[in-house]
Amino acid sequence: MKPDIKYTKLFINNEWVDARSGKTFVTLTPHEGTVITRVAEGDKADIDLAVSAAKAAFHRNSEWRLLDASQRCRLLNKFADLIQRDAKYLAELESYDNGMNINKASEYIDSRIKFMRYCASLADKIQGDTIPADGDVFTYTLKQPTGVCGLILPWNSPISNFVTKVTTALAAGCTVVVKPAEQTPLTALVLAELVKEAGIPAGVVNVVPGMGSAAGSSLTHHPDVAMISFTGSVEVGKLIQKAAGETNLKRVTLELGGKSPLIIMNDADVNTAVRYAANGVFANQGQVCIAASRLFVQSSIYDEFVKKAVEEAKKIKVGNPADPTNHQGPQVSEAMMKKVLGYIETGKKEGAKLLTGGKRIGTEGYYIEPAVFADVTDDMTIAKEEIFGPVQSILKLDTLEEVLGRANNTSYGLSAGIFTNNINIALQFAKHVEAGIVCVNTYPAGAYQAPFGGFKDSGIGRERGMECVNEFLEIKSVSIAQPKKF
Ligand code: NAD
């Protein structure tokens, strides 16, 4: 059933406004491929207004930046309370606009509410150091909010990304302009209204839906934006760094893609590893940045593992994301569905063995049968490029010596996992694998209390964990002349 659509305009300075150009764009439901509604399409003129509002809110005395930290904490907890109150509606809307199964949407919302409370509690623990400096000076540091931050969101987990970035920036005392992904703008607008209801002052959070090439690019080039926190593709991440370099050297944090290796050693429990490996790659239709999309299985268990992996994939129930008994919904868009089907064709052409799935289901909506490829080799496209779809690629691994070389043979470095009962192998893997998140005998991992982010092309900076607020803070060293004696 179609959820009630309450907000379709831009949210600037706590007001709902049309785009200056009057333009709108459509958002579709991936379940049927039909139009849900039209949404105001922001561009440079609207980004300029939103940045002005955020700048004014940042500089206005005692409204946000100078508000007692305990009050920022209280208001962020109030925002979390409101998300909790409206969690059912938010999950339904996320599921409708994005195609995420309703259970997964609810699970993500619950976990993000916990993160919000954790992060809110960091707001009044931002503290500097006293420094034993040489000379007759008393030296200390102040940690202060960076300023106006542009938060650019992907489509694959819209509520999670909104909540994570906004809460962290606000806990630090920054003000923000959020640019949701054009494929999934609706939940960000509902969250904007909850920001207002929570009592967070006008201008602290502004939300401008629009295209990446217009609204997104204007934000990244804006001289009054001090920082961009971006989640999305490597390609756009590089454009954002370039824009920062061409303008005011704004700070940039990037959460980008992955081609994460999961290694199953001969001594692992096969049944357990099969289950985790399937969840690791098929969850959320494979549209997960930490998807275990390169699965290396050691040779003596390879045949048994492959057989069981196929059985596991066949158990996945694909269908309407509003039905909680289904596991997998549609891909987010026709373009993404075609891209994933294209990778499946390339996998077949390059000689990988497709053992199950891989076809489009029906002609309505963007559904794909979960696919399992065996006999994948390191040089094949499906072993190198991020697919972002329900495709498991199984590669054979012979010796222990191959593990690190093959795991690290990628430009990405987001997540990595190993299943083994040998603690020494696990410890060596954790130490030497080039990835920001490492899992041993489990997959995936993403506790909100732990830092999350990548090495190499997978990004810069970390979200979540105690360190997350630091990404949004400047450190100031203060030195005061101090005579040695009275
Ligand atoms: P995308 O890079 O195409 O788009 C992401 C956002 O950037 C959208 O809001 C888009 O409008 C905006 N954008 C596009 N062009 C822009 C430009 N020139 N300037 C500024 N903004 C611009 O990525 P996507 O398709 O939305 O998401 C899929 C990708 O995101 C995958 O590669 C996935 O791995 C990655 N991802 C990473 C994480 C993580 O935490 N590391 C999480 C989710 C998704």
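By convention here, the first residue in the shown sequence is residue 1. Counting starts at 1 for both ligands and their atoms, in listed order.
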Original post:
Looking only at protein heavy atoms, which one is nearest to atom 28 (C) of ligand 1, and how far off is it?
Top reply: F388 CE2, 3.7 Å

Original post:
Is the charged tip of R464 near the ring of Y448: under 6.0 Å from the six-membered ring centre and within 45° of its axis?
Top reply: no

**OP:** Please state whether G459 comes within less than 4.0 angstrom of ligand 1, counting heavy atoms only.
**Re:** no

Original post:
Taking both backbone and side-chain atoms of G232, is any N or O found less than 3.5 Å from an N or O belonging to ligand 1?
Top reply: yes

Original post:
Considering only the protein, which heavy-atom contact is closest to atom 10 (C) of ligand 1, and what is its distance?
Top reply: E182 OE1, 3.5 Å

**OP:** Pick whichever of L256, T231, T164 has a heavy atom sitting closest to atom 41 (N) of ligand 1.
**Re:** L256

Original post:
Which of the numbered atoms in ligand 1 are below 4.0 angstrom from a heavy atom of G257?
Top reply: 32 (O), 34 (O)

**OP:** Do me a favour and list the nearest non-hydrogen protein atom to atom 13 (N) of ligand 1 with residue, atom name and distance?
**Re:** G212 CA, 3.4 Å

Original post:
Heavy atoms, side chains only, cut-off 4.5 Å: are L122 and C468 in contact?
Top reply: yes

Subject >> From T231, V176, V178, residue fulfilling side-chain contact (heavy atoms from CB on, under 4.5 Å) relative to K165 >> reply: T231

**OP:** Distance to 0.1 Å, residue and atom name: give those for the protein heavy atom nearest to atom 18 (N) of ligand 1.
**Re:** L239 CD1, 3.7 Å

**OP:** Pick, from R464, E386, E463, Q183, the option with the minimum heavy-atom distance to atom 31 (C) of ligand 1.
**Re:** E386

Original post:
Under 3.5 Å, side chain of D375 to main-chain N/O of A352, donor-acceptor pair present?
Top reply: no

**OP:** Please determine if D378 and R406 form a salt bridge, counting it only when a charged side-chain N lies under 4.0 Å from a carboxylate O.
**Re:** yes

Original post:
Side chains of Y366 and H31: do they bring a donor and an acceptor to under 3.5 Å?
Top reply: no

Original post:
Taking only heavy atoms of P154, which atoms of ligand 1 are found under 4.0 Å from at least one of them?
Top reply: 26 (O), 27 (O), 43 (C)

Original post:
If hydrogens are left out, which of N284, L414, I152, V236 has an atom nearest to atom 16 (C) of ligand 1, that is, the closest non-hydrogen atom?
Top reply: V236

Original post:
What residue among T8, T24, T27 forms side chain to side chain donor-acceptor pair (under 3.5 Å) with R38?
Top reply: T24

Original post:
Would you say atom 4 (O) of ligand 1 has a protein heavy atom nearer than 4.0 Å?
Top reply: no

Subject >> Shortest protein contact, atom 23 (O) of ligand 1 (heavy atom only) >> reply: S233 N, 3.4 Å

Subject >> atom 7 (O) of ligand 1 [closest protein heavy-atom partner, distance rounded to 0.1 Å] >> reply: F230 CE1, 3.2 Å

Subject >> Per-atom contacts of ligand 1 with E255, taking only distances under 4.0 Å to non-hydrogen atoms >> reply: 37 (C), 38 (C), 39 (C), 40 (O), 41 (N)

Subject >> E474: salt bridge (charged side-chain N to carboxylate O under 4.0 Å, His left out) partners, not counting sequence neighbours >> reply: R251

Subject >> Numbered atoms of ligand 1 (with element) below 4.0 Å of F452, judged on heavy atoms >> reply: 40 (O)

Subject >> Modelled atom types, side-chain donor and acceptor of N408 and H432, under 3.5 Å >> reply: no

Subject >> K2 and T29 side chains, donor-acceptor separation under 3.5 Å >> reply: no

Subject >> Nearest-neighbour protein heavy atom for atom 39 (C) of ligand 1, which is reported as residue plus atom name and distance >> reply: C289 SG, 3.1 Å

Original post:
What protein heavy atom is closest to atom 20 (C) of ligand 1, reported as residue, atom name and distance in Å?
Top reply: G216 C, 3.3 Å

Subject >> Heteroatom distance test (N156, ligand 1): nitrogen or oxygen, under 3.5 angstrom >> reply: no

Cut-off 3.5 Å, no hydrogens considered: what does the side-chain donor-acceptor table look like for residues 411-418, sequence neighbours left out?
unit_1: S415; atom_1: OG; unit_2: Y443; atom_2: OH; d: 2.8

**OP:** Could you tell me whether the side chain of P209 reaches within less than 4.5 Å of the side chain of F25, counting heavy atoms only?
**Re:** yes

Original post:
Quick one: does W155 get an N or O within less than 3.5 Å of an N or O on ligand 1?
Top reply: yes

Original post:
Within a strict 4.5 Å, meaning less than it, do heavy atoms of the L295 and V281 side chains meet?
Top reply: no

**OP:** Using a 4.0 Å heavy-atom cut-off, say whether L153 meets ligand 1 through its side chain, its backbone, both or neither.
**Re:** backbone

